[in-house]
Engineer: 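Got a structure here, written out as structure tokens. Questions coming.
Every chain is numbered from 1 and lettered A, B, ... according to where its sequence line falls, protein lines coming before strand lines. Predicted model, so just to flag it, every value in this text is computed and none were measured.
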Amino acid sequence: MKAYDPQMIEPKWQARWAEAGSNQTAENSEKPNYYVLEMFPYPSGDVHLGHVRNYTIGDVLSRFQRMRGFNVLHPIGWDSFGLPAENAAIRQNSSPATWTYTNIERQQTSLARLGFSYDWSRVIITSDVDYYHWGQWIFLKFWEMGLVERRTSPVNWCPSCATVLANEQVLGGGFCWRCDSPVERRELKQWFFKITEYAEELLNDLDKLDGWPERVKQMQANWIGKSQGAEVIFELCDEHGALVGEPLTVFTTRADTLFGASFFLLAPEHPFVAQLIADDNQAADTRKALEDLVRSAATNSVAERSSGEREKTGAFTGHYAKNPVNGELLPIWVSDYVLMDYGTGAVMAVPSGDQRDFEFARKYGLPIPPVILAPDDPLLKALAGQRERVQNDVDWQEAYDGSGVMVQSGEFTGLAGGKDSEGAAAVITWLEGQGVGRAAVNYRLRDWLISRQRYWGNPIPALYCDRCGIVPVPESDLPVVLPLDVDVTAGKGLADYPQFHEVICPRCGGPAYRETDTMDTFTCSSWYFLRYTDAHNDTAPFASTRADAWLPVDQYIGGIEHAILHLLYSRFFTKALRDAGLLGQGSVELSKNAELLRSGEPFAHLLTQGMVKLNGEVMSKSKGNVVAPEDMIATYGADALRVYILFMAPPDKDLEWSQEGLEGIWRFLQRLWRQVFTLSGQVGQVEAERQADGGSRDAHAADATGARVADPVKANPAATAEAEELRILLNRETHRVIGKVSADLKRFNFNTAIAALMELSNSASRYLRLPLDLRDQALSHRVATTLVLLLAPMAPHFCEELWDNALGNAARGSVHAQNWPSFDAALAQPDSVELAVQVNGKIKARVCVPLHASEDEVREEALAAAASILAGREPKKLIIVPNKLVSIVVE
RNA sequence: GGGAGCGUGGCGGAAUUGGCAUACGCAGUGGACUUAAAAUCCACCGCCUCCGGGCUUGCGGGUUCGAGUCCCGCCGCUCCUACCA
């Protein structure tokens, strides 16, 4: 037996696995398919512990499912377009491509060194033309389907990244997801994917995702932000009530408060505001006030503008909106607390029912008529049943937005008011009858802005022709190849390369300008899981039959930071590709989750793994608190690192890094190593031979476990009986642990699975204290085999070496190709169990009874055991929980 | 403001449906082995105790024969989201 040396065995097995191609996935296996996927990495430097955790979880699952008889697809790739490559290239005076591909090579080496069982023949690199070609193809397909639009709209602009961003990429109330800079609003013409057309389906289908964490589904639902309410039309009037232009529409969730509107608000970006400023007859002071508001809204960062603490400012336009329910003329103001991209950019202000309107009204001296009163509001006594408005103000400290009774609300007075109330429904019905409004649904979700003013991305396959307008690049002209000689260090982009953008219009043959914007990197990651099923297809993004055979992904694993971004976009892509007829059409009945596939859902189960932290803080280069996986592997080996990271916390929780903990696992593996050799008979054999030689001076030396070998006394009957007892216990424990580890791995309870293996190892240690001639060699070997098989998914090299070397199974092939041990509950059951005996809820005694003892038997035993406590009192009640406890109630 | 989650020893964490709280590991203490150290092995390791026992899962109530687990109300922490009309 050699000492456990991971530096020797890990590279050895990695080389053999690679040589044998043992992780390549068969395409037409008789085994059922199982697709395990971890979110692919961005090649932004070295592999860190977060990656190790993510990919270890996926690898354990892959190996476990292979042993359980599945044909597993477990691929890897790189999400390699994006801004960090450009920034790094500028810093290092290199090119984005060089930086990217150098990092990919480094990361690939690191991942291989961790022993991950990827099908390396299916690697996808999104910046490879073989891949992004089909991203362009999908773009054209979406265009054909009417899902692509180029339009002018207020958008998020990151001044530091010098590009626009999608709404989902603006975090924390107005900061860039990449560089954390405050984001600005700009009015620009940009490319969009019309994800809002799928808003309702994206929301409803969340209910089908039973395998997703509730938290993630909730976050997506909140992001989609469905609101039921009404659209209400207000006539635009001058101060005398004469109509002066197009009517204005508002969206409200509180139609029941319509009688409480006392003014009307427009967002600074509302088209009517621009019209007012442009009006030649506009009073100079009004124009200036409006211009100031528009300018400040445009220049303030999104974060500044959306701060709730900021004092609300506004300007009166000189115009009025006529309230359709009572004909009242409401002064129209402009204020930047109204957002152009939610609802219609116009709002009816009900200061008694909305805190923002309340504050605005107080500041500008506008009336605050109460219309919804809480049942305990003192005003209710005075106003109950009051239909006409008599009270035009309140002495409240804040608005009341709860439910209550409608007052001063004409014919609706007395109805219940509130969100989704009877009163709101009645008002909506009335508005519909009058043709001045209708029930409406509004979503918070915006269309996905996908164009980026950056070089290192997938070129948008479109061009501009003076004669033909915007023209899609014909499919036959794909791919639009990204030139690699663009010098980003000189601050250049595609617009500086005429050979890229000066093209001939495919429609008219005239000169045209090719689009120089590239696509958001999230478009690349929104379908890569489909490409893995058919990674080398050069006539289509993927063959439908292949995708249908594998999708949806059975288990997806990644960080919670993608709860909205990547996971929402991927769901949208998958649904759109289904509608394009590319997915879930033909052989769906063959796939495992046919219903999900038909719904266009890409991921059946989702595990969001927690972060790896040090002293409660996220590890980062800037904080200088990074623990490098390479260093840990160099000292303890990949297997110890893998087992440690699985052991220290459940996978979805944050993990606090502990060097001592890792050393504990290192010790466990070394102990287990020696133990397996001893159990397998190899070490014991040596020891026995030595003793047979007449007993050397080493007869008392420690055997491989370090335990002293007992004197080779003649077995006496008592010792034999004890050994038999231990044999039965160890056999039972072995079967119990098979059941426990199997169940735990299915539920991703890796930490308790490892704990159970430690328990079995501890039991085996105790057994090994028996003299060699009293041990059952067959049982010992079986225990060793069980330990090695059960640990194999988590410590693959360690177990492969033991399987091959200690257990002598080289002829049976790799440990990873073996069948998972089957669990027989009967073999794990003890003969007798100890029951706790409770008297009035407190444990007072314990009794030992045979397993499955009859109720009468148990009752009798329990009463006897508790006799001194009961002291003659008659049990009022007696509850037996089989094989657990007996609860006796007296008095 | 809205939403979600969490709170168990010195620490990381266990405890399928309510059923013997603290598994497993780390740290610690004592012992064996050693000239010594390391490594290894063995044992102990929630709190209080008048040594009978009593108490203990953030705090206070409730349901139940029985609550870490379910319900109500607090306190504390974390994450997400946010002038969303």
Side-chain angles (χ1 to χ4, degrees), chain A residues 171-174 213-219 221-223 225 227 229 250-254 257 265 305-310 312 335-339 341-350 353-357 359-360 401 442-444 560-561 563-564 610 616 644 647-650 652-665 667-668 670-671 674 700-702 704-708 740 743-744 747 749 751-759 761-762 765 769 834-843 846 875-890:
Chain A
L171 306 179
E214 214 44 54
R215 182 158 73 119
V216 175
K217 290 193 275 185
Q218 193 67 49
M219 282 165 74
N222 289 345
W223 186 261
S227 292
V250 301
F251 174 78
T252 179
T253 55
R254 292 296 302 274
T257 65
L265 286 161
R305 177 166 169 188
S306 64
S307 163
E309 277 98 78
R310 213 168 125 254
K312 296 167 183 14
S335 177
D336 67 359
Y337 79 88
V338 179
L339 306 175
D341 56 5
Y342 184 78
T344 61
V347 173
M348 64 170 202
V350 183
D354 181 284
Q355 188 58 22
R356 296 156 301 176
D357 298 345
E359 285 163 19
F360 194 88
D401 62 4
N442 197 55
Y443 298 94
R444 213 187 72 117
I560 186 79
E561 67 273 17
I564 294 168
Y644 164 74
F647 179 64
M648 286 305 276
D652 56 335
K653 284 205 182 155
D654 285 352
L655 182 151
E656 179 63 33
W657 180 262
S658 146
Q659 194 67 29
E660 292 77 22
L662 176 57
E663 281 164 21
I665 292 296
R667 285 198 295 268
F668 166 64
Q670 290 188 92
R671 197 160 56 236
R674 295 187 298 263
H700 287 263
T705 62
R708 285 174 63 100
K740 172 75 175 157
D744 280 352
R747 296 179 298 165
N749 291 350
N751 52 338
T752 52
I754 293 165
L757 288 169
M758 288 171 168
E759 288 174 49
S761 169
N762 291 344
S765 288
R769 274 180 236 156
E834 193 182 62
L835 303 185
V837 180
Q838 291 185 342
V839 178
N840 286 347
K842 299 233 179 226
I843 292 165
R846 284 164 210 285
K876 204 168 75 181
K877 200 170 176 183
L878 191 143
I879 294 146
I880 296 171
V881 182
N883 301 326
K884 291 240 156 78
L885 58 72
V886 180
S887 183
I888 303 170
V889 189
V890 289

Engineer: A:D341 near the nucleic acid: base, sugar-phosphate alone, or nothing, with a heavy-atom cut-off under 4.0 Å?
Structural biologist: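 It contacts nothing in the nucleic acid.
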Engineer: Base, sugar-phosphate, or nothing: which does A:S658 touch, judged by heavy atoms less than 4.0 Å apart?
Structural biologist: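 A:S658: no heavy atom of the nucleic acid under 4.0 Å.
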Engineer: Can you find a side chain N or O atom of A:K877 that sits less than 4.0 Å from OP1 or OP2 on B:C65?
Structural biologist: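 Checking A:K877 against B:C65: at least one side-chain N or O falls below 4.0 Å of OP1 or OP2.
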Engineer: Assign A:D654 to base, sugar-phosphate, or nothing according to its heavy-atom contacts below 4.0 angstrom with the strands shown.
Structural biologist: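 Answer is sugar-phosphate: A:D654 comes under 4.0 Å of backbone atoms only.
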Engineer: Between B:C65, B:A4, B:G13, spot the one nearest the side chain of A:V889, thanks.
Structural biologist: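 Closest nucleotide to the A:V889 side chain: B:C65.
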Engineer: Expressed as a whole number of Å, how far does the P atom of B:C24 sit from that of B:C45?
Structural biologist: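 12 Å, rounded to whole Å.
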Engineer: Examine the side chains of A:E214 and A:Q218 and answer whether a donor and an acceptor come within less than 3.5 Å of each other.
Structural biologist: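 No, no side-chain donor-acceptor pair sits under 3.5 Å.
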Engineer: Taking any heavy-atom pair under 4.0 Å as a contact, classify A:I843: base, sugar-phosphate, or nothing.
Structural biologist: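 Contact class for A:I843: sugar-phosphate only.
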Engineer: In whole angstrom, give the distance that lies between atom CZ of A:R356 and atom P of B:A85.
Structural biologist: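 Checked: the CZ to P distance equals 7 Å.
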Engineer: In whole angstrom, give the distance that lies between atom CD1 of A:I754 and atom C1' of B:G13.
Structural biologist: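 Going from A:I754 (CD1) to B:G13 (C1'), I get 13 Å.
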Engineer: Once you round to the nearest 0.5 Å, how far does CG of A:L662 lie from CZ of A:F647?
Structural biologist: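 Answer for the CG-CZ pair, A:L662 versus A:F647, is 12.0 Å.
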Engineer: Given that A:L655 and A:M348 both sit by RNA chain B, which one's nearest nucleotide is further toward the 5' end?
Structural biologist: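 Residue closer to the 5' terminus by nearest nucleotide: A:L655.
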Engineer: Using the P atom as the point on both nucleotides, what is the distance between B:A85 and B:U22, in whole Å?
Structural biologist: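 Result for the P pair: 50 Å, nearest Å.
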Engineer: Which nucleotide, B:A15, B:A14, B:A85, lies nearest any side-chain atom of A:V347?
Structural biologist: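 That would be B:A85.
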Engineer: Nearest of B:G19, B:A14, B:C84 to any side-chain atom of A:R444?
Structural biologist: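 When the side chain of A:R444 is considered, B:C84 is the closest of B:G19, B:A14, B:C84.
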Engineer: For the rings on A:Y644 and A:W657, is their centre-to-centre separation under 6.0 Å?
Structural biologist: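 Distance test on ring centres: under 6.0 Å, yes.
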Engineer: Counting heavy atoms from C-beta on, name the nucleotide in B:G13, B:A85, B:A15 closest to the side chain of A:N749.
Structural biologist: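 Ranking B:G13, B:A85, B:A15 by closest atom to the A:N749 side chain puts B:A15 first.
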Engineer: Determine if the base of B:G52 is syn or anti; take syn to mean the glycosidic torsion is within 90° of 0.
Structural biologist: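 Base orientation relative to the sugar is syn.
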Engineer: Is any side-chain heavy atom of A:L265 less than 4.5 Å from a side-chain heavy atom of A:V250?
Structural biologist: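 Heavy-atom side-chain distance check fails, nothing below 4.5 Å.
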Engineer: Looking for any heavy atom pair under 4.0 Å, which part of the strands does A:R667 touch: base, sugar-phosphate only, or nothing?
Structural biologist: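 Answer is sugar-phosphate: A:R667 comes under 4.0 Å of backbone atoms only.
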Engineer: Quick one: A:L265 CG to B:C84 P, roughly how many Å, whole number?
Structural biologist: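 Roughly 13 Å, once rounded to whole Å.
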Engineer: Between B:G19, B:C41, B:A85, which nucleotide has the shortest distance from any of its atoms to the side chain of A:L339?
Structural biologist: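 Nearest listed nucleotide: B:A85.
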Engineer: As a test of the definition: with a 90° window around 0 for syn, would you call B:G76 syn or anti?
Structural biologist: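 Classified anti.
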Engineer: In whole angstrom, give the distance that lies between atom CG of A:L885 and atom P of B:A15.
Structural biologist: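 The answer, rounded to whole Å, is 19 Å.
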Engineer: Please work out if A:F647 contacts a base, only the sugar-phosphate, or nothing of the nucleic acid, heavy-atom cut-off 4.0 Å.
Structural biologist: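 It contacts base atoms.
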Engineer: Tell whether A:K312 reaches the base of B:C83 with its side chain through a donor-acceptor pair below 3.5 angstrom.
Structural biologist: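 Between B:C83 and A:K312, which were checked side chain against base, a qualifying N/O pair under 3.5 Å is present.
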Engineer: Could you tell me how far apart A:D336 (CG) and B:C83 (P) are, to the nearest whole angstrom?
Structural biologist: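 To the nearest whole Å, that distance equals 11 Å.
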Engineer: Verify, without hydrogens or angle tests, whether A:N751 (side chain) and A:M648 (backbone) share a donor-acceptor contact under 3.5 angstrom.
Structural biologist: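 Judged by distance alone, no pair lies under 3.5 Å.
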Engineer: Work out how far the P atom of B:U56 is from that of B:G60, and round it to whole angstrom.
Structural biologist: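 The answer is 10 Å between these two P atoms.
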Engineer: Would you mind classifying the nucleic acid contact of A:E663 as base, sugar-phosphate or nothing, using non-hydrogen atoms under 4.0 angstrom?
Structural biologist: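 If one applies the 4.0 Å heavy-atom cut-off, A:E663 turns out to touch nothing in the nucleic acid.
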Engineer: Under a 3.5 Å cutoff on both atom distances, Watson-Crick or G-U, what's the dot-bracket for RNA chain B ([ ] crossing, | other strand)?
Structural biologist: (((((((..(((......[....))).(((((.......))))).(((....)))..(((((..]....))))))))))))....
Engineer: Across the strands shown, which category fits A:K842 at heavy-atom distances under 4.0 angstrom: base, sugar-phosphate, nothing?
Structural biologist: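 Sugar-phosphate, no base atom in range.
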Engineer: Looking at B:C42, I'd like to know if its phosphate oxygens (OP1 or OP2) sit under 4.0 Å from a side-chain N or O belonging to A:R769.
Structural biologist: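 Indeed, a polar side-chain atom of A:R769 lies that close.
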Engineer: Are A:N751 and B:A14 close enough that a side-chain N or O sits under 4.0 Å from OP1 or OP2?
Structural biologist: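 Checking B:A14 against A:N751, a side-chain N or O does come within under 4.0 Å of OP1 or OP2.
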Engineer: In whole Å, I'd like the distance from the CD1 atom of A:I560 to the C1' atom of B:C6.
Structural biologist: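 After rounding, the reported distance stands at 14 Å.
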Engineer: So if I take every side-chain heavy atom of A:A755 and compare against B:G19, B:A23, B:G13, which nucleotide ends up nearest?
Structural biologist: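 Closest nucleotide among those given: B:A23.
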Engineer: Kindly indicate whether the side chain of A:E561, heavy atoms from C-beta on, has any atom under 4.5 Å from the side chain of A:L171.
Structural biologist: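 They are not in side-chain contact.
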Engineer: Please state the P separation for the pair B:U57 and B:G61 - nearest whole angstrom.
Structural biologist: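 Between the two P atoms, the distance is 12 Å.
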Engineer: Should the side chain of A:R747 and the base of B:U16 be counted as holding a donor-acceptor pair, with the cut-off at 3.5 Å?
Structural biologist: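 Indeed there is one.
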Engineer: Using a 4.0 Å heavy-atom cut-off across all strands, classify A:E660 as base, sugar-phosphate, or nothing.
Structural biologist: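 Sugar-phosphate, backbone atoms only, no base.
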Engineer: Could you give the distance separating B:G18 and B:U69 at their C1' atoms, to the nearest angstrom?
Structural biologist: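 6 Å, rounded to whole Å.
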Engineer: Take atom P in B:A36 and the same atom in B:A32, then report the distance between them in whole Å.
Structural biologist: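 Here B:A36 and B:A32 have their P atoms 11 Å from each other.
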Engineer: Mind checking if A:D357 touches a base, just sugar-phosphate, or nothing, with heavy atoms under 4.0 Å?
Structural biologist: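 Contact class for A:D357: none.
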Engineer: CG of A:D652 versus C1' of B:A14: gap in Å, rounded?
Structural biologist: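 The distance from CG of A:D652 to C1' of B:A14 comes to 15 Å, rounded to the nearest Å.
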Engineer: Please classify the nucleic acid contact of A:D354 as base, sugar-phosphate, or nothing, using heavy-atom distances under 4.0 Å.
Structural biologist: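 The answer is nothing, as A:D354 stays clear of every strand by at least 4.0 Å.
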Engineer: With a 4.5 Å cut-off on side-chain heavy atoms, are A:V347 and A:F251 touching?
Structural biologist: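 A side-chain contact is absent here, since even the closest heavy-atom pair is not under 4.5 Å.
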Engineer: Do the side chains of A:L885 and A:Q838 get nearer than 4.5 Å, heavy atoms only?
Structural biologist: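 Yes; the side chains approach each other to less than 4.5 Å.
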Engineer: Any base atoms under 4.0 Å from A:R215, or only sugar-phosphate, or nothing? Heavy atoms, all strands.
Structural biologist: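 Here A:R215 touches the backbone only, sparing every base.
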Engineer: Can you work out whether A:I888 or A:N762 has the more 5'-proximal nearest nucleotide on RNA chain B?
Structural biologist: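 So the residue in question is A:N762.
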Engineer: Considering only atom P, compute the distance from B:C20 to B:U81 and round it to an integer number of Å.
Structural biologist: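 Looking at atom P only, B:C20 and B:U81 are 40 Å apart.
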Engineer: Using the P atom in both, what is the distance from B:G10 to B:U49, to the nearest Å?
Structural biologist: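 Nearest-Å result for B:G10 against B:U49 at atom P: 16 Å.
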Engineer: Identify whether NZ of Lys or CZ of Arg in A:K312 sits under 6.0 Å from the centre of the six-membered ring of A:F360 and within 45° of that ring's axis.
Structural biologist: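 Verdict for A:F360: no cation-pi partner in A:K312.
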Engineer: Any side-chain heavy-atom pair from A:N840 and A:V890 closer than 4.5 angstrom?
Structural biologist: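 Counting from C-beta outward, A:N840 and A:V890 do come under 4.5 Å.
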Engineer: Under 3.5 Å, is there a donor-acceptor pair linking the side chains of A:T752 and A:D744?
Structural biologist: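 Checked: A:T752/A:D744 side chains pair up, N/O donor to acceptor below 3.5 Å.
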Engineer: The side chain of A:Q838 is closest to which nucleotide in this list: B:G13, B:C84, B:G66?
Structural biologist: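 Ranking B:G13, B:C84, B:G66 by closest atom to the A:Q838 side chain puts B:G66 first.
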Engineer: Just checking A:G664: base, sugar-phosphate only, or nothing, at a heavy-atom cut-off of under 4.0 Å?
Structural biologist: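 Since only primed, P, OP1 and OP2 atoms lie under 4.0 Å of A:G664, the category is sugar-phosphate.
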Engineer: Taking CG from A:L878 and C1' from B:C65, how many angstroms apart are they, rounded to a whole number?
Structural biologist: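 It is 10 Å, rounded to the nearest whole Å.
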Engineer: Any chance you could measure A:T257, atom OG1, to A:D354, atom CG, to the nearest 0.5 Å?
Structural biologist: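 Rounded to the nearest 0.5 Å, the OG1-CG separation comes to 8.5 Å.
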